[in-house]
Amino acid sequence: MSSEPSLPGGRIALVDVNNFYVSCERVFDPALEGRPVVVLSNNDGCVVARSEEAKQLGIATGTPWFKVAPEAGRWGLVARSSNYELYGDLSARVMEVLGRFGSWQEVYSIDECFLGLPGDERQLLGTAARIRSAVMRHVGVPVCVGVAGTKTLAKFVNHIAKRNPHMQGVCSLDSMPAAEVARIQSRVPVTGLWGVGGRTAKRLNAMGIETVADLKAADPQLIRKRFSVVLQRTVLELNGTACIPHSEERADKQQIMFSRSFSTPVTTAEEMDQVMAVYAQRGAARMAAQGLNASVLTVTAGTSRFAGGEKSFPSASARLPVPTQDPIQLTRAAVATMRTCISEGTQYVRAGVLFTGLEPADGQQTLDPFVSDLDQRHIGDLLGSVRAKFGEAAIGLGQGGLAVPAAWSMKRDFSSPRYTTEWSDLPVVRA
DNA sequence: TCTGGGGTCCTAGGACCC
DNA sequence: TCTGGGGTCCTAGGACCC
């Protein structure tokens with residue numbers, strides 16, 4: 001991966017999949033085409049993705065499902081539980097196709113990436129159109145492509161491509177008349193930019209900076225002084241100076257988290273022990289997959305932010321005696337640490353385990369002196385291979401090994417099959 | 001009745017050392 | 001005994017993203 005943000009004359013494309021989760025569902029269920037569709041968060045809690053038709057109905061991201069469910073029948077609205085096995089797999093396929101077009105590629109999220117596009121400016125629109133049709137042909141999901149000289153501008157013109165159907169999903173800044181660009185920038189509020197959220201916008205507005213054009217004209221030094229180097233970069237990038245570096249392939253993660261809300265509140269310490277056993281093992285499996293050991297563990301719990309009654313968000317940290325990814329030690333530490341900070345009878349609706357102080361495991365396991373070496377050395381590998389063969393729920397330690405889901409475990413009422421990652425879920429085609 | 005789950009980066013402030 | 005300032009490391013919290 002190149003460390004140069006852009007070669008002279010080179011351009012950056014921001015490619016993202018339209019309504020990614022919904023588009024994934026449609027690949028395997030074409031009957032969803034043209035219908036309003038939403039994908040729900042864990043526990044079928046709230047709307048995290050919407051088709052165009054669902055947006056037309058006025059359903060906002062983050063709307064709790066129970067608020068729209070009563071209207072679903074009347075609207076012909078289809079809901080799906082989130083199916084991350086499917087989305088993750090299709091994402092990898094999309095990224096592989098996109099990677100063929102760039103001199104470099106930076107995968108930014110599950111559904112978008114930046115690509116380096118060298119070459120003649122006059123050919124950029126053609127390249128963008130070819131990218132679009134390649135992804136549609138090979139994976140079957142629609143994308144939009146924005147091309148400009150900096151990442152911030154590429155994001156911005158991608159937005160323009162999305163909003164203007166006549167552009168057919170592609171927009172290149174070089175192909176737009178300067179007056180047209182200025183006109184659009186003077187109408188779009190600053191929150192339309194990558195990196196500018198509600199809080200920052202409020203403070204900018206107080207200074208009289210309301211639109212993208214206003215921010216572009218602002219003094220970078222002043223912005224740095226009043227805000228941060230991050231916002232200063234936004235100003236520079238709006239003016240064509242590429243200054244957001246590539247984040248290289250992120251092998252060096254800073255933290256690993258496993259956090260979930262419950263389908264039913266947890267009120268006793270015994271139940272919370274079970275939760276910690278399951279969550280710590282899930283986190284440990286992630287660390288094993290990435291070859292990392294943790295030296296600090298933090299547990300968190302929380303009551304509902306919406307229900308009346310007492311609110312509390314306890315959390316506690318513990319330094320591990322030695323950095324480890326061992327599920328036994330991590331489970332024991334998580335259970336004990338959580339016991340120190342929760343109170344019996346409180347209605348907790350969520351909990352999490354966070355691992356930090358990560359370092360490469362280097363193949364050598366650190367062993368707990370109170371458990372036989374032989375058992376420990378093999379237990380992580382053993383759990384991993386059993387899960388790979390028989391599925392995630394096949395085996396676990398202690399309460400984590402319960403075959404019957406606990407009362408608090410996740411709800412996924414409208415899940416689609418894992419078409420591409422589970423043999424038993426392969427779609428059947430009849431001719 | 002029912003409201004997500006990950007992450008990143010930056011900054012400020014305290015502890016500690018020289 | 002009193003006083004100074006710079007540097008580093010760590011953590012908590014804020015803001016943002018998808």
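Residue numbering restarts at 1 for every chain, and letters A, B, ... go by the order of the sequence lines. In this text the structure is predicted, and so the values were computed from the model without any measurement.
Note: CZ (Arg282(A)) to C1' (dG5(B)) measures 12 Å, nearest angstrom. Rounded to a whole Å, the CE atom of Met410(A) is 19 Å from the P atom of dC2(B).
Contact between the side-chain N/O atoms of Arg199(A) and the OP1/OP2 oxygens of dC17(C) is not found at any separation under 4.0 Å. Residue Arg233(A) places at least one side-chain N or O under 4.0 Å from the OP1 or OP2 atom of dC10(B). At the phosphate of dG6(B), OP1 or OP2 sits under 4.0 Å from a side-chain N or O atom of Arg260(A). Remark: Arg203(A) is not in phosphate contact with dA15(C), judged by side-chain N or O atoms under 4.0 Å from OP1 or OP2. Residue Lys202(A) has no polar side-chain atom (N or O) positioned under 4.0 Å from OP1 or OP2 of dA15(C). One finds a side-chain N or O of Ser261(A) lying less than 4.0 angstrom from the OP1 or OP2 phosphate oxygen of dG5(B). Between Ser259(A) and dG4(B), a side-chain N or O to OP1/OP2 separation shorter than 4.0 Å is absent.
Within 4.0 Å (heavy atoms only), Glu112(A) reaches sugar-phosphate atoms of the nucleic acid but no base atom. Residue Arg305(A) is out of contact with every strand shown, counting any heavy-atom pair closer than 4.0 Å. Across all strands, Phe20(A) comes closer than 4.0 Å to no nucleic acid atom at all (heavy-atom distances). Using a 4.0 Å heavy-atom criterion, one finds that Ser304(A) contacts no nucleic acid atom at all. Heavy atoms of Trp65(A) sit nowhere under 4.0 angstrom from any nucleic acid atom. Counting any heavy atom pair closer than 4.0 Å across all strands shown, Asp111(A) reaches sugar-phosphate atoms only and no base atom.
Atom name P, nucleotides dC18(C) and dC2(B): the rounded distance is 31 Å, in whole Å.
Side-chain contact between Glu112(A) and Val15(A): absent, with no pair of heavy atoms (C-beta onward) separated by less than 4.5 Å.
Electrostatic pairing of Lys67(A) and Glu71(A) does not count as a salt bridge here, judged by no charged N lying under 4.0 Å from a carboxylate O.
Of the nucleotides present, dC16(B) is the one that pairs with dG7(C) by Watson-Crick or G-U wobble criteria, both distances under 3.5 Å.
In terms of modelled atom types and a separation under 3.5 Å, the side chain of Thr267(A) and the main chain of Glu344(A) share no donor-acceptor contact.
For CZ of Arg183(A), the number of neighbouring non-hydrogen atoms (other residues, nucleotides, ligands) closer than 6.0 Å is greater than 12.
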